[in-house]
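Hydrogens, waters and symmetry mates play no part in the numbers below; they use all other heavy atoms, side chains included. Here is how names work: the chains are called A, B, and so on, in the same order as the sequence lines, proteins then strands, and each is numbered from 1.
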Number of protein chains: 2
Amino acid sequence: MPALQNIKVAVDAVVFGYTSKEGLSVLLIKRNIQPFKNTWALPGGLVGDDESLENAVQRELKEETGVNINYLEQLYTFGQPGRDPRNRAISITYYGLVKPDVFELHADTDASDVAWFNIKKLPQLAFDHAEIISAAHTRLKSKILYQPVGFELLDQKFPFSELEKLYMAVLDRPIDRRNFKKKVMKFGFLEETTEKQALEGAGRPGNLFRFNTEKYYQLQKQGINFEL
Amino acid sequence: MPALQNIKVAVDAVVFGYTSKEGLSVLLIKRNIQPFKNTWALPGGLVGDDESLENAVQRELKEETGVNINYLEQLYTFGQPGRDPRNRAISITYYGLVKPDVFELHADTDASDVAWFNIKKLPQLAFDHAEIISAAHTRLKSKILYQPVGFELLDQKFPFSELEKLYMAVLDRPIDRRNFKKKVMKFGFLEETTEKQALEGAGRPGNLFRFNTEKYYQLQKQGINFEL
DNA sequence: CCAAAAGTGTTCCCAATACACCCATGA
DNA sequence: TCATGGGTGTATTGGGAACACTTTTGG
């Protein structure tokens with residue numbers, strides 16, 4: 001056991017966003033410092049000596065991308081020696097969900113650019129960040145099956161098909177519309193409104209739905225069985 | 001963001017053991033250094049500068065308790081400022097499963113004693129270790145429902161009722177014997193032998209079963225649906 | 001013969017699946 | 001009137017849950 005320890009402690013965030021046009025996306029920054037200068041990477045950075053881990057992620061996210069997020073969950077801690085070429089560094093990673101259009105992205109601090117990337121069209125990534133995103137995606141896919149996910153990623157009111165598309169984008173497989181709706185409605189955390197979807201292009205406009213936040217959070221805590 | 005960071009990086013292990021007499025137990029050490037001297041705590045310690053996290057856990061476990069373990073999984077990283085009264089310290093925690101009787105416990109290094117404690121009769125614990133154990137137990141309870149768990153915790157050959165009791169001990173609820181057996185046998189990772197259980201006390205002796213390791217590990221990777 | 005634990009089968013019901021046609025709208 | 005997407009119901013089936021009596025052994 002070492003007398004003096006020299007390990008850096010960092011946090012990184014995998015922030016997922018969803019829009020029906022873009023599908024499932026991840027928020028990345030372009031580094032403007034070495035190493036991996038000009039390479040895309042996850043937002044993140046060193047933890048302050050008196051700062052909680054959650055606080056560090058929120059702060060870095062805000063600084064580097066302008067995004068505030070209220071739902072972040074710890075994912076995994078990556079700590080292989082050599083994962084940072086400079087010195088030993090461990091990274092406690094988090095993942096979260098947001099509605100992309102709520103935020104105006106602005107690069108800052110050590111980022112020269114910020115952008116959303118579709119999960120299937122990621123650029124070359126710094127460090128072991130590709131691995132981290134892959135782990136986060138796997139986790140999200142499994143989470144979505146036992147906890148309701150959607151409130152964080154959709155507008156307050158949305159046509160039912162949006163939820164369907166969200167699930168298909170995250171799970172990356174087709175879903176039967178009728179069975180899906182039956183299943184979701186039975187949980188009772190969705191309310192149908194009488195408003196109609198504003199149209200874009202052709203097609204019959206659908207009713208708008210909204211989450212019943214009480215039941216939603218209750219189910220999110222309890223867990224649901226949501227095999228599709 | 002701090003120019004100089006001063007955070008200690010530690011690992012801690014929640015090692016679960018199971019015997020039908022004792023039930024589900026956790027391996028603890030009695031600290032013989034400050035702080036929390038003479039208080040029970042999880043085995044663990046600081047990570048070496050060039051050491052992987054997994055290696056650090058294994059090493060500390062070996063040093064402090066004499067236990068070798070081949071199955072360890074990362075649980076969560078605890079990092080609240082103030083969780084260690086000396087200085088800022090984060091702990092990457094792991095949990096694992098062993099057969100307690102395989103090991104001869106021997107305290108060493110900074111432990112004055114080592115022992116198994118039934119999960120329901122834990123002593124006062126150092127730091128936030130009670131919280132860590134609780135998180136590990138929750139995780140184990142959920143893991144046991146989607147992955148086969150037992151090989152690590154039972155003898156090579158065991159009567160079926162042992163597996164039943166193991167599940168009841170971990171989940172802390174009764175299980176219908178017949179339905180449980182039907183379900184387990186259908187997966188095909190258990191083989192019935194013709195040997196009979198060596199008796200202890202009254203009762204009809206049961207056949208011994210063993211795991212088919214190939215199918216077992218295959219299922220453990222794939223995941224199973226095992227709602228009971 | 002009594003206590004303790006093991007072994008075993010059936011019924012019922014609900015939930016998952018598969019599946020296809022009509023409706024409302026804009027162009 | 002056509003193209004696009006929204007909305008809906010039924011029949012089948014497989015799996016989970018509930019449930020009790022008989023057998024083997026030791027004392």
Side-chain angles (χ1 to χ4, degrees), chain A residues 19-21 23 144-146 148 150 154-155 157-169 171 173-210 219 223-228, chain B residues 19-21 23 144-146 148 150 154-155 157-169 171 173-210 219 223-228:
Chain A
T19 58
S20 48
K21 313 112 206 168
I144 208 174
L145 294 178
Y146 66 87
L154 296 175
D155 291 328
K157 293 179 185 171
F158 53 90
F160 197 85
S161 59
E162 280 293 291
L163 189 63
E164 243 175 80
K165 285 185 216 150
L166 166 61
Y167 268 76
M168 288 193 277
L171 296 174
R173 59 176 153 98
I175 291 174
D176 182 276
R177 193 160 23 121
R178 293 161 289 185
N179 293 336
F180 181 73
K181 189 162 183 178
K182 255 182 285 179
K183 189 148 196 175
V184 172
M185 293 315 285
K186 200 152 36 138
F187 287 114
F189 60 81
L190 261 193
E191 284 165 359
E192 192 161 1
T193 73
T194 55
E195 297 171 66
K196 297 272 181 220
Q197 173 181 19
L199 271 222
E200 20 181 330
R204 172 177 174 176
N207 283 340
L208 294 180
F209 290 74
R210 93 182 125 220
L219 274 171
I224 58 179
N225 183 3
F226 211 76
E227 286 299 332
L228 293 176
Chain B
T19 57
S20 49
K21 313 112 207 166
I144 207 174
L145 294 178
Y146 66 91
L154 295 175
D155 292 328
K157 293 177 186 173
F158 53 89
F160 197 86
S161 59
E162 280 293 290
L163 189 62
E164 243 175 79
K165 284 184 219 152
L166 166 60
Y167 267 78
M168 288 193 278
L171 296 174
R173 60 177 152 99
I175 290 173
D176 182 276
R177 193 158 25 119
R178 292 160 291 184
N179 292 336
F180 181 74
K181 189 163 184 178
K182 256 182 286 178
K183 188 149 197 176
V184 172
M185 294 314 285
K186 199 151 38 138
F187 288 113
F189 61 79
L190 260 193
E191 285 166 359
E192 191 160 3
T193 72
T194 55
E195 297 171 68
K196 297 271 181 224
Q197 173 181 19
L199 271 223
E200 21 181 328
R204 173 176 173 176
N207 283 340
L208 294 180
F209 290 73
R210 94 184 125 221
L219 274 170
I224 58 180
N225 182 3
F226 210 76
E227 284 299 331
L228 293 176

According to salt bridge (charged side-chain N to carboxylate O under 4.0 Å, His left out), who are the partners of A/E195, at least two apart in sequence or on a separate chain?
A/K157

Rounded to the nearest 0.5 Å, the CE atom of B/M168 sits from the OG atom of B/S161 at a distance of 8.5 Å

Within this structure, what is the CD-to-P distance between B/E195 and C/dA6, rounded to whole angstrom?
17 Å

To the nearest Å, how far apart are B/K181 NZ and D/dA18 P?
20 Å

Going by the rule salt bridge (charged side-chain N to carboxylate O under 4.0 Å, His left out), which residues pair with A/K165 if we only count those two or more places apart in sequence or in a different chain?
A/E162

Please tabulate, one pair per line, each protein N/O and nucleotide N/O from nucleotides 22-25 of chain D that are separated by under 3.5 Å, including the distance.
unit_1, atom_1, unit_2, atom_2, d
D/dT23, O2, B/R204, NH1, 3.0
D/dT24, O2, B/R204, N, 3.4

How would you list, by chain and number, every residue that makes a salt bridge (charged side-chain N to carboxylate O under 4.0 Å, His left out) with B/E164, sequence neighbours excluded?
none

Round to the nearest Å and state the distance from A/N207 atom CG to D/dG5 atom P.
18 Å

Output all residues satisfying ring-ring contact (aromatic ring centres under 6.0 Å, His included) with B/F158, sequence neighbours left out; order by chain, then residue number.
B/F211

Using atom types as modelled and distance alone, determine if a side-chain donor or acceptor of A/Q197 lies under 3.5 Å from a backbone N or O of A/G206.
yes

Can you name the salt bridge (charged side-chain N to carboxylate O under 4.0 Å, His left out) partners of B/R178, sequence neighbours left out?
B/D176

Test ring-ring contact (aromatic ring centres under 6.0 Å, His included) applied to A/Y146 - qualifying residues, sequence neighbours left out:
none

Tabulated below should be each protein N or O lying under 3.5 Å from an N or O of nucleotides 15-17 of chain C; please produce it.
unit_1, atom_1, unit_2, atom_2, d
C/dA16, OP1, A/K183, NZ, 3.0

Tell me: CE of B/M168 to C1' of C/dA5, nearest whole Å?
12 Å

Starting at atom CZ of A/F180, determine the distance to atom P of D/dG9, rounded to an integer number of angstrom.
18 Å

side-chain N/O B/S161 vs C/dA5 OP1/OP2, d < 4.0 Å:
no

How bent is the helix from C/dC1-D/dG27 to C/dA27-D/dT1, measuring the angle between the end axes built from five pairs each, rounded to 10°?
0°

Output the rounded distance in Å from CZ (B/F209) to C1' (C/dA6).
10 Å

Counting distance alone, no hydrogens or angles: does the base of C/dA5 have a donor or acceptor under 3.5 Å from a partner atom on the side chain of B/R177?
no

B/N207 meets the side-chain hydrogen bond (donor to acceptor under 3.5 Å, both in side chains) criterion, sequence neighbours left out, with B/E192, B/K196

For B/F187, what residues pass the side chain to side chain contact (heavy atoms under 4.5 Å, CB included) criterion, not counting sequence neighbours?
B/K183, B/F189, B/L219, B/I224, B/F226

